[in-house]
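A quick write-up on the structure given underneath.
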Amino acid sequence: MSSDQKLGLDPDYAKAIAPYASYVPPVPKDAESLRKQNDFMIDTVMSLFPCPARSRVTETELPYKSADGTELKLHRFDPPASSSIPSAGNPCVLYLHGGGFVSGSVTSFRKDIIRYAVETGLTFYAPAYRLSPEAPFPKPLEDAYAALEFLRDSAQEQRIDPKRIAVMGISAGGGLAAGLALKARDKKFEPAIKKLVLIYPMLDDRTRIGEEHPLNEHLTWTNKKNEIGWEAYLGGAGARTVGSPDVSVYAAPARAEDVSGLPPTYLDIGGLDLFKDEVNAFGGKLLAGKVDVEFHLYPGVPHAWEWLGHECPVTQKAVQNRVSTLRDL
């Protein structure tokens with residue numbers, strides 16, 4: 001696309017964000033400032049996000065340990081009881097929240113989890129995985145993998161079917177989910193993950209667009225934020241710098257050449273998202289690897305658009321598609 005071409009916002013989304021359009025967040029300088037900015041933005045938009053009021057979801061905390069012995073919490077969200085769902089052997093979803101690897105929490109994404117639990121009738125499990133740069137790769141991925149092991153090993157106690165576990169990730173959580181699926185495949189984890197649901201996932205540390213690119217005008221997750229997030233995630237012992245050729249495919253799943261054997265995968269992305277090309281390319285790799293893929297591209301919306309555009313038709317359509325794929329477990 002040439003620099004003189006214009007990219008436009010979805011009209012309904014443009015109307016939804018009009019009251020906030022004048023706010024321009026400061027450019028973050030490091031992981032700490034990005035965390036503060038992200039957490040402020042997430043908390044602010046989530047305060048405006050309607051929580052499903054039709055019924056109550058029960059939330060409990062389950063202790064579990066990561067590979068290095070770190071004690072963590074796995075949050076369980078149970079939807080209202082339904083006679084259509086059996087009392088044992090239920091499908092469930094392992095949900096990995098977003099935040100650019102440096103921010104976010106189960107608590108801050110609670111409304112999102114509740115929405116999908118209510119709409120799907122499924123139990124959701126969300127691990128409070130550790131954040132970077134304090135806990136860089138591979139620790140967050142190990143936390144997610146240990147949560148998956150916990151669900152398998154305690155399936156009878158949790159009344160879930162270990163053969164019907166979906167892994168759903170949002171943004172950076174989508175990158176973790178894809179890395180988790182690759183690791184589970186390579187370690188021959190059994191039973192295999194039933195489905196992979198990646199919502200505008202953060203997959204490639206090499207992603208960057210030029211300063212004159214027309215997409216810059218609409219980015220909510222920018223080049224600078226992306227660079228800081230990846231630097232924090234890849235900055236541990238034995239670290240690899242962003243863009244170097246030896247970054248692990250489990251950290252940056254877009255680097256994987258062989259994605260065959262991954263679970264059936266759902267992908268969606270906005271047309272004004274920095275991750276659009278990497279997600280599209282990953283979908284192509286999955287197809288080439290003979291993986292079942294459902295891919296949705298929503299024109300005119302940026303990264304995480306649904307938090308301020310929750311009543312827009314494009315959001316309602318995206319949520320409906322996500323719910324439909326999760327129900328099919």
Side-chain angles (χ1 to χ4, degrees), residues 42 46 51-52 55-82 85-99 101 103-132 134-135 138-177 179-181 183-184 187 189-197 199 263 326-327 329:
I42 293 170
M46 283 298 183
C51 195
S55 48
R56 291 180 295 177
V57 169
T58 303
E59 181 180 355
T60 54
E61 292 183 2
L62 306 168
Y64 80 105
K65 290 185 178 181
S66 193
D68 62 3
T70 299
E71 295 185 354
L72 300 167
K73 295 292 186 182
L74 184 63
H75 296 248
R76 172 174 170 153
F77 294 82
D78 285 303
S82 171
I85 299 178
S87 59
N90 297 321
C92 69
V93 181
L94 180 63
Y95 177 104
L96 301 172
H97 70 76
F101 298 122
S103 62
S105 67
V106 175
T107 300
S108 63
F109 277 78
R110 183 174 180 270
K111 286 185 178 180
D112 190 52
I113 301 169
I114 289 175
R115 168 174 62 180
Y116 290 112
V118 169
E119 293 293 333
T120 63
L122 298 172
T123 295
F124 275 64
Y125 293 85
Y129 67 83
R130 289 171 286 179
L131 300 176
S132 304
E134 296 85 354
K139 291 179 181 179
L141 182 62
E142 290 174 347
D143 296 349
Y145 192 83
L148 182 64
E149 290 181 313
F150 176 91
L151 293 182
R152 177 194 61 191
D153 297 342
S154 60
Q156 185 173 0
E157 178 184 353
Q158 294 297 315
R159 293 179 298 145
I160 60 176
D161 183 351
K163 295 181 180 178
R164 292 194 292 165
I165 298 175
V167 177
M168 178 180 186
I170 312 294
S171 191
L176 282 175
L180 175 61
K183 183 175 180 178
K187 291 177 70 70
F189 182 91
E190 292 291 342
I193 296 168
K194 179 70 172 180
K195 182 171 289 189
L196 191 59
V197 179
I199 309 302
L326 287 168
R327 282 177 175 168
L329 283 179

Would you say the side chain of [Y] lies within less than 4.5 Å of the side chain of [X], judging by non-hydrogen atoms?
| X | Y | value |
| --- | --- | --- |
| Met46 | Asp112 | yes |
| Tyr64 | Leu151 | no |
| Pro79 | Val118 | no |
| Val57 | Phe124 | no |
| Leu96 | Val167 | yes |

* Kindly say whether Gln158 contributes a backbone atom to a donor-acceptor pair with the side chain of Arg76 at under 3.5 angstrom? => yes
* Asked: Please walk me through it: do Tyr95 and Ile170 pass side-chain contact (heavy atoms from CB on, under 4.5 Å)?
  -> CA-CA 8 Å; Tyr95 177 104; Ile170 312 294; 3.4 Å; yes
* Looking only at non-hydrogen atoms, find the nearest pair between Ser66 and Leu72 and report the distance. => CB-CD1, 3.9 Å
* Structure fact -> Here the pair of heavy atoms bringing Ile165 nearest to Ile193 is O-CG2, 3.6 Å
* Has Lys194 got more than 12 heavy atoms of other residues, nucleotides or ligands less than 6.0 Å from its NZ? -> no
* Asked: Crowded around Lys73 NZ? As in, over 12 foreign heavy atoms under 6.0 Å?
  -> yes
* **Salt-bridge criterion met for Asp68 and Arg130 (N-O under 4.0 Å)** => yes
* Which of these passes side chain to side chain donor-acceptor pair (under 3.5 Å) with Arg110: Glu59, His97, His75? -> Glu59
* Given Leu176 and Tyr129, is the side-chain contact (heavy atoms from CB on, under 4.5 Å) satisfied, shown in steps? -> CA-CA 10 Å; Leu176 282 175; Tyr129 67 83; 3.5 Å; yes
